[in-house]
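For reference, the structure is listed below as structure tokens.
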Amino acid sequence: MSGNHASAGYKNKRKLVIVLTLTSSYLIAEVIGGILTKSLALLADAGHMLTDVGGLALALFAINVTQRAASAKRTYGFYRAEILAALANAVVLIGISLYILYKHTCAS
């Protein structure tokens with residue numbers, strides 16, 4: 001895509017790649033540090049970072065999909081891929097939250 005038709009995500013794609021790289025690096029460091037020090041706090045934060053990495057990777061995937069050209073069947077192109085990726089990310093995060101809530105209430 002070029003010009004005014006580029007989505008906000010596409011315009012910031014390079015920054016998103018940098019953030020994904022940094023977040024992935026911190027994730028790996030937290031997992032290694034958590035295992036070496038037997039720190040549950042580091043491993044729990046690594047789990048949180050994993051959801052961040054997943055969300056960022058999904059966003060990048062959606063941005064790449066939006067770059068496909070419009071067709072006769074999809075006259076607006078694939079711009080909705082970014083919206084669907086955001087929805088999928090939200091559903092996953094809500095699902096994880098509900099699972100944690102369920103496990104917490106059942107453990108009491």
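For this chain, numbers begin at 1 and follow the sequence in order. Both backbone and side-chain heavy atoms feed into the values below; hydrogens, waters and symmetry mates do not. Small disclaimer: the values here were computed from a predicted structure and weren't measured.
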Minimal heavy-atom distance between Ala62 and Ala81, with the atoms involved, is CB-O, 3.6 Å
Nearest-0.5 Å distance, CG of residue Leu43 to NE2 of residue His48: 15.0 Å
If you measure from CG on Leu98 to NZ on Lys103, what distance do you get to the nearest 0.5 Å? 14.0 Å
Scanning both residues in full, the closest heavy-atom pair of Ala85 with Leu58 reads O-CD2, 3.3 Å
Measure the spacing between OG1 of Thr37 and CD of Glu30 and express it to the nearest 0.5 Å. 10.5 Å
Least distance between heavy atoms, Asn89 atom then Gly55 atom: OD1-CA, 3.8 Å
Would you indicate whether Leu40, at its atom CG, is surrounded by more than 12 heavy atoms from other residues, nucleotides or ligands within a distance under 6.0 Å? no
Hey, any chance Phe61 and Phe78 share a hydrophobic cluster, counting ILVMFWY side chains that come within less than 4.5 Å of each other, even indirectly? yes
Go through the structure and list residues passing side chain to side chain donor-acceptor pair (under 3.5 Å) with Asp52, not counting sequence neighbours. none
Kindly compute the distance separating CD1 (Ile32) from CG (Leu42), expressed to the nearest 0.5 Å. 11.5 Å
Cluster check Tyr99, Val91: I/L/V/M/F/W/Y, side chain < 4.5 angstrom: no
Please say yes or no: joined through hydrophobic side-chain contacts below 4.5 Å, possibly via intermediate residues, are Ile35 and Val53 part of one cluster? yes
Side-chain contact, heavy-atom cut-off 4.5 Å: Leu93 with Thr51? yes
Throw together a table of side-chain donor-acceptor distances under 3.5 angstrom for residues 18-27, partners on residues two or more places apart or in other chains.
residue : atom : partner : partner atom : Å
Thr21   : OG1  : Val17   : O            : 2.8
Thr23   : OG1  : Val19   : O            : 2.7
Ser24   : OG   : Leu20   : O            : 2.8
Ser25   : OG   : Thr21   : O            : 2.9

